[in-house]
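Here the structure comes first, spelled out in structure tokens, and everything after it is commentary.
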Amino acid sequence: MQPTLFPMEPQSKPQPARSASQISRKALNEAQYEAVTTVSGPVLVIAGAGSGKTRTLVYRLAHLVEQGVPPEQILLLTFTRKAAQEMLHRASLLLDDSCRRVMGGTFHATANLLLRRYCRHLGYAANFTIIDQSDAEGIVNLLKSSLNLGGENKRFPSKRVVISILSKSVNKGLGIEELVEAEYGHFHDFADDLQTIALHYKRFKLEHSLMDYDDLLVNWRRILEEFPEVHTELANRFSHIMVDEYQDTNPIQAAIVRLMAAKHNNVMVVGDDSQSIYSFRGADFRNIMEFPSLFPDTRLIRLEENYRSTQKILDLTNAIIEKAQEKYTKTLFTNITGGEKPVVYGARDEATQARYVAEKIVALHKAGEPLDEMAVLFRSGFHSYKLELELTHRQIEFDKRGGLKLNELAHNKDVISYLRVVANPHDHLSWNRLLLQLDKVGPKTAQNILSRVKSAEDPLAALREYPAGKTWKEGLADLLEMLEALRQSGMSMGQMFERIMDYYEPIFERLYHDDYPRRRRDLDEFGRVMGGYVELQSFLDDASLDPPQAGALEPDGGKRLVLSTIHSAKGLEWDTVFIINLAEGRFPSAQAVLPAHREEERRLLYVAATRARKQLYLVYPQEVMSYDSSAAAGGPSPFLQELPHALTQSPSPAAWQSQSSAYGGGQEERPDYSIPPLKSASSASPSGSSSAPSIKLGNRVRHPFFGEGVVEKVVSPKSLEVLFARHGKKTLHLDYAKLELVQ
DNA sequence: TGAGACGCTGTTTTT
DNA sequence: CAGCGTCTCA
């Protein structure tokens with residue numbers, strides 16, 4: 001996360017082609033070669049998982065430059081900034097450093113750079129602040145109270161839902177009313193209020209020079225659509241455009257691509273409809289299929305040979321996607337033979353699952369597998385907590401990706417707010433946060449102060465004149481003094497951090513008195529990241545657009561195991577992949593009830609499983625505890641149950657012996673539970689296998705966690721559907737669940 | 001009007 | 001378990 005502004009400036013003269021490399025021909029298969037060398041006109045590449053998509057993009061990049069296309073005229077849009085940099089790096093190895101001058105990054109980061117330059121056309125000052133989702137939610141909160149909405153009504157959508165509705169409305173180009181009717185029927189009564197909030201939200205952002213993620217895209221499109229001279233300038237500037245992960249773009253991004261390519265029409269997009277996993281961000285996998293209608297005479301190229309996984313893994317992933325309701329046929333094949341069938345393992349609970357995975361990793365590592373060639377993937381950030389404990393105990397180093405970001409921690413947000421106010425004094429969202437930190441200042445006072453300085457040219461100066469209450473006069477003066485000091489240029493980012501901490505430290509300790517020592521470490525880490533920047537604005541931009549992972553110090557070169565959400569694992573691959581918590585209620589996520597959402601969850605599993613080169617483990621706990629240690633869910637995910645049995649194997653009992661757990665080893669083992677794979681090996685807990693007397697339809701049964709229930713359905717000789725009084729309907733497998741008949 | 005205590009609820013994924 | 005809203009007291 002170094003400051004990486006991509007050069008926008010001079011266009012260099014065409015580079016003479018370096019030695020005509022035959023690189024491409026040999027290193028590429030026929031379809032890849034065609035994709036690399038088709039440099040004019042629109043091209044759509046449907047690239048199956050592991051089909052050498054990145055390789056193709058990298059070679060094409062090098063090929064273009066080699067053909068004499070000035071790197072500055074190439075625009076590479078990727079899903080993460082890291083992906084762009086990785087590709088530019090690899091292209092520069094193939095050819096030379098000129099590849100580095102290609103303009104590349106995410107849609108959002110590129111929008112940011114362009115808008116800093118052109119946003120004045122839209123009435124925005126160039127020092128606008130980019131806000132993240134929680135900032136956006138903060139605005140909704142402010143509006144809710146100032147507009148007196150939702151107050152007493154408990155059913156009013158939460159700020160989170162409000163923002164997702166507003167965002168969807170923007171991304172899908174639907175009116176609030178329309179959208180609410182279509183997708184949020186239960187909020188029908190609030191459609192008007194939502195409309196009001198939407199209006200004020202928009203106004204608030206404009207008045208205070210704030211842009212959210214959607215604004216970056218929408219405003220990029222607007223300057224292209226509404227300002228022909230800007231459109232011409234930009235469309236002329238980029239002669240070649242490439243877009244990666246096109247299946248995860250939304251209609252706005254599609255429009256941007258169309259407009260940016262309007263002059264030269266040399267645009268290649270790459271993607272895989274089976275791997276579309278961002279519909280919550282407005283993406284629609286059908287977008288990729290519509291590309292040819294956006295660009296007539298599109299050349300369609302399919303990459304279908306998989307170079308990543310063994311046939312045994314591919315058989316399973318094909319089976320996963322085979323079940324998809326809607327799919328565009330694409331047959332993946334590989335020439336990689338051998339390997340093991342994917343392993344399916346039902347652990348008793350999360351602790352056992354963590355232990356199993358950790359022990360397996362240790363064993364594989366001992367057998368020579370480098371730690372960084374293994375990864376553990378999961379649906380949601382918190383799914384790995386137990387495993388993190390286990391790994392920490394065993395001193396296995398890991399990197400966690402996805403989940404909490406450094407800039408999402410409240411105390412780091414505080415620090416960001418000071419800087420934001422310096423960069424953009426009209427940012428009332430940040431002002432509000434800072435004012436609330438003053439002792440004796442609450443929401444009312446903060447609003448009063450802000451409404452008075454609203455129209456001031458220089459809010460800082462205006463505040464100094466403000467008739468402060470005597471209880472908080474001093475606090476305000478200190479704050480202003482600190483901000484004034486930051487505003488004087490000449491301070492390095494490191495010095496700014498020091499100055500902020502001088503002021504903030506006592507406030508910080510008061511605010512977070514229970515655990516400020518722990519939080520202090522995050523702040524120091526944050527300060528170090530900040531110290532790496534030269535420019536305040538680029539630090540703030542990156543803090544929103546490319547936030548560093550919490551707890552992940554910059555890589556020290558040591559090889560580490562990777563823990564990652566599936567979303568953050570997109571595009572990556574490892575020898576060995578564990579997918580954990582593949583359990584009912586967790587994956588697919590319990591929230592995914594609509595068919596379309598469940599379909600996306602299935603694609604998510606597909607993405608996860610196709611990350612594996614040699615070995616794949618699918619693991620789930622029989623019981624999942626929720627935070628208050630009641631049973632919440634558990635048992636194999638429906639996705640697992642529908643997979644053909646022949647494609648997977650159970651772990652051999654000898655493969656891992658239950659040693660004393662690193663944590664909770666002494667915990668009373670609940671005698672009712674046997675560890676499934678060991679059960680047949682008779683080492684199961686004593687009373688475990690005595691369960692499952694013949695249970696019939698209509699019987700009352702007792703389950704150790706779910707309590708009492710009635711058998712509703714006998715699915716198979718070994719599995720039942722039981723309706724529990726307190727936990728609803730569960731499907732239980734008699735080999736795993738200990739059920740007692742209740743007389 | 002602000003601060004702090006208490007009790008209820010709901011819990012993805014990311015730019 | 002945190003992040004709400006609600007309630008009470010200063």
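Any value given below was found using the heavy atoms of this structure, including those in side chains, with hydrogens, waters and symmetry copies removed.
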Test: A/K53 and A/D244 ion pair at under 4.0 Å: yes
Please tabulate the protein-to-nucleotide N/O contacts below 3.5 Å involving nucleotides 3-5 of chain B, giving atom names and distances.
from	atom 1	to	atom 2	distance (Å)
B/dA3	OP1	A/D439	OD1	3.2
B/dA3	OP1	A/K440	N	2.8

Does A/R602 pair with A/E599 as a salt bridge, N-O distance under 4.0 Å? yes
A/E474, CD atom: more than 12 neighbouring heavy atoms under 6.0 Å: no
Look at the rings of A/F187 and A/Y184 and say which category their plane angle falls in: under 30° parallel, 30 to 60° tilted, over 60° perpendicular. parallel
Is there any protein nitrogen or oxygen under 3.5 Å from a nitrogen or oxygen in nucleotides 13-15 of chain B, and what are the pairs?
from	atom 1	to	atom 2	distance (Å)
B/dT13	OP1	A/G381	N	2.6
B/dT13	O4'	A/R379	NH1	3.3
B/dT13	O2	A/R379	NH2	3.2
B/dT13	O2	A/H567	NE2	3.4
B/dT14	OP1	A/T565	OG1	3.1
B/dT14	OP1	A/S568	OG	2.9
B/dT14	O4	A/Q133	OE1	3.2
B/dT15	O4'	A/R281	NH1	3.2
B/dT15	O2	A/H108	NE2	3.3

Could you tell me whether A/D284 and A/K172 have a side-chain N and a carboxylate O separated by less than 4.0 Å? no
Centroid separation A/F526 to A/F539 less than 6.0 Å: yes
Regarding A/K159, tell me which of base, sugar-phosphate or nothing describes its non-hydrogen contacts under 4.0 Å with the strands shown. sugar-phosphate
Aromatic contact between A/F578 and A/F378, with the criterion being ring centroids under 6.0 Å apart: yes or no? no
Answer with yes or no after comparing the ring centroid distance for A/F280 and A/H567 against a 6.0 Å cut-off, counting only values under it. yes
